[in-house]
There are 2 protein chains.
Amino acid sequence: MHDHSAVHDHGACCGNATDALARAERLCAERDLQFTRLRRDVLEAVASEAKPLGAYDIAERLSGQGRRVAAVSVYRALDFLTENGLVHRIASRNAFVSCGHQHGDGAGLVFLICRTCGSIDETTSPEVDDQLDRALAKAGFKPSSRILEVEGECGACLGHEPNP
Amino acid sequence: MHDHSAVHDHGACCGNATDALARAERLCAERDLQFTRLRRDVLEAVASEAKPLGAYDIAERLSGQGRRVAAVSVYRALDFLTENGLVHRIASRNAFVSCGHQHGDGAGLVFLICRTCGSIDETTSPEVDDQLDRALAKAGFKPSSRILEVEGECGACLGHEPNP
DNA sequence: GATGCGATGTTACAGTGTATCAGTACCAGA
DNA sequence: TCTGGTACTGATACACTGTAACATCGCATC
């Protein structure tokens, strides 16, 4: 029912699906937005998996038992969720993860993508942002958004290895 | 013949196509790699445009006059070129740009993507890299590659605007 | 010439994303 | 109540991006 074959248990999995849903519910109430069934289901699918999911994966998971969710609908729900910072898009994978933090709009995030277990973590680093802003200013470039994704091995997978 | 409609003339255009070709030729000779006609043509197409080009755009440009270059071939050439640091992939655009610098393997690059004119510049910032390494170490993450792409407005376009 | 290898050509197909139109639910106002 | 507007969803079609598999060609080497 729930794939846990990958070596991964940093606590940001499974349990946070309900957290994410609760947070979404609150946020939509605050902003007077509709948290519809489709949006809820898409968020739940994404949040219940630490790995990034493609839009078609999500559509497949939500379909069945007389219900058919087309990829288009999933994309629309994902647009809504990303616009409101509940889900992030991983550009290097063409896939989506649920936001694990409550950091406002999702600016300044760093995504850590593990090559071994496929999981994704987020962090932030004000120091990186500072230096980046400085570099951009020096280049005469006015930023409006950025993506920063790092591939490598997560701590859990490094720990499991015999010879790091 | 050559589209210059976009506001963009920071000197990294057109002229550097020949530079890029010369650099590629040298590099392939050094490493004993084949710099074939297809690879040359693909690199030339990418280098003669400051904007990122999609693989199918490239295929279209190289086709005509009895020659037909399929997208697959372009992808293979692009794989070769990116592996050797002659071309970079822009993940947020699914497109490719020729490398404007001679910075070895292309690690530590920052891509500046202008929303207005569509051009792409590269910079590097050792400070950003330092801070990023620090943040990754703190997170217990061992990086093997990263992408850092910033969208915004380039200096040229900012200068052209009436009220910045 | 035979063999092996890398590069290319060709076809087919999988995966990703968007455009467009139609239908539905709901709410505000006449 | 009816009507019209808005937001969401369904559905189809299509464009774009990328890969798998196999055939062919050129070239170096035996």
Side-chain angles (χ1 to χ4, degrees), chain A residues 24-25 27-29 31-46 51-84 86-97 118 147 149, chain B residues 24-25 27-29 31-46 51-84 86-97 118 147 149:
Chain A
E25 210 129 10
L27 183 143
C28 288
R31 303 188 190 173
D32 204 31
L33 300 170
Q34 300 185 40
F35 194 49
T36 63
R37 181 192 170 198
L38 180 67
R39 291 170 179 174
R40 209 198 88 98
D41 290 350
V42 168
L43 178 59
E44 188 177 21
V46 172
K51 298 187 295 182
L53 285 181
Y56 281 70
D57 289 337
I58 298 169
E60 201 172 331
R61 291 185 184 215
L62 298 188
S63 296
Q65 296 163 351
R67 188 187 188 190
R68 186 185 109 98
V69 177
V72 224
S73 303
V74 173
Y75 275 110
R76 284 191 284 231
L78 287 170
D79 285 344
F80 172 86
L81 295 169
T82 50
E83 274 168 16
N84 290 284
L86 297 164
V87 157
H88 299 301
R89 178 190 167 79
I90 306 299
S92 61
R93 300 279 178 120
N94 293 327
F96 301 83
V97 291
I147 62 175
E149 302 174 7
Chain B
E25 210 130 9
L27 183 143
C28 289
R31 304 188 189 175
D32 204 32
L33 299 170
Q34 300 184 42
F35 194 50
T36 64
R37 182 193 170 197
L38 180 68
R39 291 167 180 176
R40 210 198 87 95
D41 290 350
V42 168
L43 178 58
E44 188 177 19
V46 172
K51 297 186 297 182
L53 285 181
Y56 279 69
D57 289 335
I58 299 169
E60 201 172 330
R61 291 185 185 216
L62 298 187
S63 296
Q65 297 162 350
R67 187 187 190 192
R68 186 185 108 97
V69 178
V72 222
S73 303
V74 174
Y75 276 110
R76 284 192 285 233
L78 286 171
D79 284 344
F80 172 86
L81 295 170
T82 50
E83 274 166 16
N84 290 285
L86 296 164
V87 157
H88 300 300
R89 179 192 166 78
I90 306 299
S92 60
R93 300 279 178 119
N94 292 328
F96 301 83
V97 292
I147 62 174
E149 302 173 9

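Below, read A as the first sequence line, B as the second, and so on, with proteins coming before strands; counting in each chain starts at 1.
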_Let me confirm one number: the CD-CG distance from A:Glu25 to A:Leu43, rounded to the nearest 0.5 Å._
10.0 Å
*Protein-nucleotide distance (B:Arg40, atom CZ; C:dT8, atom C1'), rounded to Å*: 17 Å
_Selected nucleotide, minimal atom distance to A:Val72 side chain, candidates C:dT18, C:dG6, C:dT8_ = C:dT18
*How many Å lie between CZ on B:Phe80 and C1' on C:dT8, as a whole number?*
14 Å
*Provide, to the nearest angstrom, the distance between the CD1 atom belonging to A:Ile58 and the C1' atom belonging to C:dT16.*
12 Å
_Interatomic distance, B:Leu43 CG vs C:dA7 P [rounded to whole Å]_ = 16 Å
*asked:* Looking at A:Asp57 and A:Arg61, is there a salt bridge between them, counting it only when a charged N and a carboxylate O are closer than 4.0 Å?
replied: no
*Does A:Thr82 reach the main-chain N or O of A:His88 with its side chain, forming a donor-acceptor pair under 3.5 Å?*
no
*Residue met sooner reading DNA chain C from 5', once B:Arg68 and B:Gln34 are mapped to nucleotides*: B:Gln34
*Round to the nearest Å and state the distance from A:Ile90 atom CD1 to C:dG17 atom P.*
12 Å
_Atom-pair distance (CG on B:Asp79; P on C:dA7), nearest Å_ = 12 Å
*When you match A:Arg37 and B:Tyr56 each to their closest nucleotide on DNA chain D, which lands nearer the 5' end?*
A:Arg37
*In whole Å, what is the span from the CG atom of A:Leu53 to the P atom of C:dG17?*
13 Å
*On a plain distance test, is the side chain of A:Arg76 in donor-acceptor contact with the base of C:dG17 below 3.5 Å?*
no
*Roughly how far, to the nearest 0.5 Å, is CD of B:Glu149 from CD of A:Glu149?*
8.0 Å
*When you list every nucleotide of DNA chain D with an atom under 4.0 Å from a heavy atom of chain A, which one comes first 5' to 3', and which comes last?*
D:dA7 to D:dT12
*asked:* Is the shortest side-chain heavy-atom distance between B:Arg89 and B:Asn94 below 4.5 Å?
replied: yes
_Can you tell me if A:Asn94 touches the phosphate of C:dG15, counting only side-chain N or O atoms and a distance under 4.0 Å to OP1 or OP2?_
no
*asked:* Regarding B:Arg89, tell me which of base, sugar-phosphate or nothing describes its non-hydrogen contacts under 4.0 Å with the strands shown.
replied: sugar-phosphate
*Would one find a side-chain N or O of A:Tyr75 under 4.0 angstrom from OP1 or OP2 of C:dG17?*
yes
_Axial cation check for B:Phe35 ring with B:Arg40, 6.0 Å and 45° limits_ = no
*Which pair of non-hydrogen atoms, one from A:Val74 and one from A:Ala55, has the smallest distance, and what is that distance?*
CG1-O, 3.6 Å
